[in-house]
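Only heavy atoms go into these numbers, but all of them, side chains included; no hydrogens, no water, no symmetry mates.
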Amino acid sequence: MDELFPTDKTEAPDSRDDDAGKSYAKIMPFDGGGQAYTYAVPAEMAANLAVGSLVKIPLGSRSTHGIVWEKNATPEKKFAKKIRPIAELCYDFPVLAPDEIKLCEWISGYYAAPLNSVLQTVLPSSVRQGVRPVLDRKISLARELSPEEFSGLQKRARRQAELYCALKDAGTLSRSALNFSPQIINSLIAAGIATEKAVRVSRVAYSDIAASPEKTAPAIRLNDEQSAALAAITRSIEAGKFRTHLLHGVTGSGKTEVYIGAIREVLARGGSAIFLVPEVALTPQTVERLRHGLENCGANVVVWHSHLSAGERFDAWTDMARGNARVLVGARSAIFAPLKNLRLVVVDEEHEPSFKQGETPFYHGRDVAVFRASLCGAVCILGSATPSLESFYNARIGKYELNRITKRIDDHPFPPMKIIDMRREILHAQGQTTFSRQMLEAIEDRLRGHEQSILFLNRRGYSRAMICTACGHVITCPHCSSALTYHRENQTLRCHLCGHIESAATRCPACGSAEMRKRGFGTQRAEEILAQKFPDAKIVRLDADTMSKKNEFRKILSEFRDGKIDILLGTQMIAKGLDFPRVTLAGIIDADLSLHVPDFRAAERTFQLLVQVAGRAGRGQLDGEVLVQTFTPSAPPIQFAKRAEFDEFLESELDRRREFGYPPQRHIIRHLFRGNDETRVATIAEKWANFLQEKAPGIFEIRGPAPCPTEKLQDNFRYHMWYFCDRVPAVITTLSRLRNEFPWDDDVIEILDVDPVDTT
């Protein structure tokens with residue numbers, strides 16, 4: 001602890017005498033370089049200050065905010081007279097619970113991230129900056145006037161009398177809603193006739209989603225497999241000890257009903273629960289189902305994710321910190337919520353890579369959820385129809401308890417999956433090869449039957465590249481090593497990595513030829529073809545380009561659920577978790593996109609994608625069908641998905657990972673080097689590799705360095721190395737020590753990513 005938080009750092013220059021009996025605390029500033037500093041605690045603040053409190057402090061010549069990391073600290077005597085006092089206690093409650101303090105320390109150590117960067121991730125900016133709540137000033141009568149008093153008031157102050165009558169009729173009114181001047185309102189208050197009270201206004205996200213049966217699917221009776229899974233989880237809850245359950249339930253099997261049953265058990269025992277979803281898009285549906293399923297439990301279900309306003313996030317956070325909220329639904333960062341008496345953490349679709357943070361600290365929400373549950377002695381449920389290899393392996397070796405649901409609700413059959421070989425389709429193509437004849441015929445059948453279709457294509461834009469047929473030049477991003485994607489709606493070329501935009505070229509910038517052609521297709525092109533083929537159908541595209549407005553996603557999904565949309569075309573945001581009973585066709589337009597990438601998880605991701613998209617069809621009373629277009633129909637993940645052979649695929653993939661030493665057999669750590677001078681980056685990476693071979697021979701397996709698959713990103717050239725190891729903490733300790741000894745180039749940034757998900 002002393003290594004991490006030295007007590008010999010102070011904030012002087014201004015000296016002051018050390019009063020007898022003065023207490024001290026160690027504060028971790030948000031921008032202090034990851035180390036704590038000692039401050040004096042003012043006497044008037046001592047009673048309310050606690051570990052985890054947010055305070056304002058002087059730091060050098062400026063002011064900043066920090067977290068109380070330790071109370072009753074003992075500074076070295078030689079610095080005692082120079083220690084400055086805490087300037088302000090921002091809230092009357094701690095913003096971090098004791099288990100969250102330990103969680104921050106673990107994240108910092110495991111993911112090799114400075115503590116201040118961890119704190120900036122754990123606490124939202126609205127809380128860190130000490131934002132105050134919005135107050136509504138309520139005016140009400142302090143006493144009723146006698147007839148004589150009222151008559152006198154009417155004669156000398158007619159408007160005050162009118163205000164008196166308004167308050168008498170309404171009871172309590174907001175000052176802002178009253179059509180009276182501040183002077184009139186203040187006069188009535190000064191006379192003791194009215195009183196004013198400041199009431200906190202709670203900005204509740206999704207307040208329009210009510211717990212009403214009309215808006216929600218009716219509650220179902222649990223079948224035998226659901227009941228068995230819930231009984232196992234309930235036993236763990238009753239034991240009051242940490243336990244992780246892997247709930248492997250096929251798509252449409254009612255995993256959410258099991259989650260709700262577990263949350264009910266926790267609420268009945270006075271505990272609280274966190275429910276994590278992988279995409280913000282899944283939040284409204286989940287909130288709706290939880291508010292309906294828990295409406296008799298007196299639970300206040302709050303929401304947390306990055307798309308909320310600062311006010312909504314702030315109020316949700318303070319409700320949790322004060323103990324006014326006991327159930328939270330949110331995306332990755334919701335795992336840091338300050339809920340009281342946390343007894344259950346649910347991670348739905350636990351296999352999703354979106355649970356991994358893409359910047360420092362590179363934490364994985366699923367793994368942090370398991371660790372936080374262990375700190376709280378809580379139960380953690382990891383749920384998925386396609387569990388990750390890591391979770392499956394942990395269940396296999398007994399680290400997690402495996403609970404299975406193998407049947408859909410009411411034993412409804414799985415939709416058959418048909419594989420369409422696009423190599424053959426091209427031979428018969430007449431103009432376009434985006435959609436096969438079989439896919440178009442299936443869509444037309446659904447339209448005739450007034451049924452709905454979901455079509456998946458994980459590439460937005462119109463065409464993936466613009467190519468000169470005269471010289472072969474491909475227009476690439478000036479900042480990244482990637483082709484620019486053509487967007488037809490505004491005639492632009494865009495980089496989906498850095499956001500660069502430029503006008504679409506009419507002539508080749510290399511040779512001047514006008515022979516520019518578009519290659520490949522994205523969701524915009526697919527939407528255009530569908531509109532041409534089915535002019536009378538209501539077609540809606542759902543991707544990052546169409547989701548610029550707040551709540552637009554909710555609006556579209558609501559219309560789709562109500563049957564107002566015939567065909568929903570989208571990217572990964574429609575591939576998971578969504579439940580629409582009228583959907584009878586799920587189509588995957590290009591199954592090869594995730595298969596042919598330089599990633600050892602490519603097969604796993606492809607299998608998961610096929611199964612998840614297939615699960616969107618046939619969830620109601622009507623039978624469903626799944627069509628998969630591919631140029632590699634014999635690929636193992638495609639064939640395993642077609643036959644719905646879950647365990648067979650997992651065992652096969654586990655054998656392949658074992659052969660090459662990839663996770664979950666071992667951990668891997670990615671070391672990324674980047675800078676705007678390619679030669680410097682390559683040189684530093686090579687020198688570091690040689691340094692490791694000399695200083696840490698044989699401690700862990702080293703592969704690289706080599707250029708990243710995406711060699712240039714946002715004007716930075718990128719190289720990486722891989723460290724394969726059995727245990728992360730020991731390797732991180734060694735790497736941290738050696739990183740401090742190595743003479744780094746100031747123009748080269750190096751980052752460690754533990755258990756990486758992105759390998760590009």
Run the numbers on Arg674 and Ile751 for side-chain contact (heavy atoms from CB on, under 4.5 Å), then give the verdict.
-> CA-CA 9 Å; Arg674 69 172 191 257; Ile751 299 170; 2.9 Å; yes
Could you go through the side-chain contact (heavy atoms from CB on, under 4.5 Å) check for Leu49 and Val55 one step at a time?
-> CA-CA 9 Å; Leu49 196 74; Val55 293; 3.7 Å; yes
Between His351 and Ser391, does a side-chain contact (heavy atoms from CB on, under 4.5 Å) hold up when you go through it step by step?
-> CA-CA 8 Å; His351 66 279; Ser391 295; over 6 Å; no
Worked check of side-chain contact (heavy atoms from CB on, under 4.5 Å) between Ile335 and Val347 = CA-CA 9 Å; Ile335 190 57; Val347 185; over 6 Å; no
Under the salt bridge (Lys or Arg N to Asp or Glu O under 4.0 Å) criterion, do Arg62 and Asp31 qualify, and how do the steps go?
-> CA-CA 11 Å; Arg62 56 192 168 86; Asp31 54 357; 2.9 Å; yes
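In terms of heavy atoms, Pro278 sits closest to Glu349 at CG-CB, 3.7 Å. Closest approach of Ser388 to Glu350, counting heavy atoms only: N-OE2, 2.9 Å. Of all heavy-atom pairs between Pro114 and Ser108, the closest is C-OG, 4.1 Å. Between Leu267 and Arg326, the shortest heavy-atom distance links the atoms O-NH2, 2.7 Å. Taking each heavy atom of Thr38 and Ile83 in turn, the nearest pair found is O-CG2, 3.5 Å. The minimum heavy-atom distance between Val41 and Tyr24, with the atom names listed, is CG2-C, 3.9 Å.
To the nearest 0.5 Å, the span separating CD1 on Ile86 from CD1 on Ile57 amounts to 8.0 Å. Atoms OG and CD, from Ser236 and Glu265 in turn, are 11.5 Å apart once rounded to the nearest 0.5 Å. Leu178 contributes atom CG, which lies 10.0 Å from atom NZ of Lys138 (distance to the nearest 0.5 angstrom). The line from CD of Glu100 to CD1 of Ile107 is 10.0 Å long, rounded to the nearest 0.5 Å. Interatomic distance, NZ of Lys255 versus CG of Leu230, reported as 15.0 Å (0.5 Å rounding). Distance check, rounded to the nearest 0.5 Å: CZ of Arg343 to CZ of Arg269 gives 10.0 Å.
Although no hydrogens or angles enter the test, the distance criterion places a donor-acceptor pair under 3.5 Å between the side chain of Lys356 and the main chain of Asp755. No side-chain donor-acceptor contact under 3.5 Å links Arg243 to the backbone of Ile237. Using modelled atom types, one side-chain atom of Arg332 and one backbone atom of Ser354 make a donor-acceptor pair closer than 3.5 Å. Within the 3.5 Å criterion, the main-chain N or O of Ala36 finds no donor-acceptor partner in the side chain of Lys26. Panel note: side chain Arg737, backbone Thr733; no donor-acceptor pair is recorded below 3.5 Å. Listed for the Lys340 side chain is a donor-acceptor partner under 3.5 Å among the backbone atoms of Ala321. Without hydrogens or angle criteria, His364 side chain to Arg366 main chain gives a donor-acceptor distance under 3.5 Å. In this structure, Arg264 contributes its side chain and Tyr259 its backbone to no donor-acceptor pair below 3.5 Å. Side chain of Arg313 to backbone of Ser125: no donor-acceptor contact under 3.5 angstrom is found.
Lys56 and Thr64 share no donor-acceptor pair across their side chains, judged by distance under 3.5 Å alone.
Asp92 places a side-chain heavy atom less than 4.5 Å from the side chain of Arg322. At least one side-chain heavy atom of Arg372 sits less than 4.5 Å from a side-chain heavy atom of Ile274. Side-chain contact between Pro664 and Asn394 is absent, with no heavy atoms from C-beta onward closer than 4.5 Å. Pro756 is not listed as a side-chain neighbour of Phe362, based on a closest heavy-atom distance of 4.5 Å or more. Using a 4.5 Å cut-off on side-chain heavy atoms (C-beta onward), Ser176 and Asp136 make contact. At least one side-chain heavy atom of Ile67 sits under 4.5 Å from a side-chain heavy atom of Leu123. With a 4.5 Å cut-off on side-chain heavy atoms, Pro387 and Leu246 count as touching. Inter-residue side-chain proximity for Ser272 and Met320 is flagged as unmet; no heavy-atom pair is nearer than 4.5 Å.
Ring geometry for Phe371 versus Trp106: interplanar angle under 30°, hence parallel rather than tilted (30 to 60°).
Heavy-atom neighbours of Lys102 NZ from other residues, nucleotides or ligands within 6.0 Å: at or below the threshold of 12.
With Leu96 as the fixed residue, the side-chain contact (heavy atoms from CB on, under 4.5 Å) test singles out one of Leu54, Val127, Leu119: Leu119.
Aromatic rings from Phe336 and Tyr363 are positioned such that their centres are separated by under 6.0 Å.
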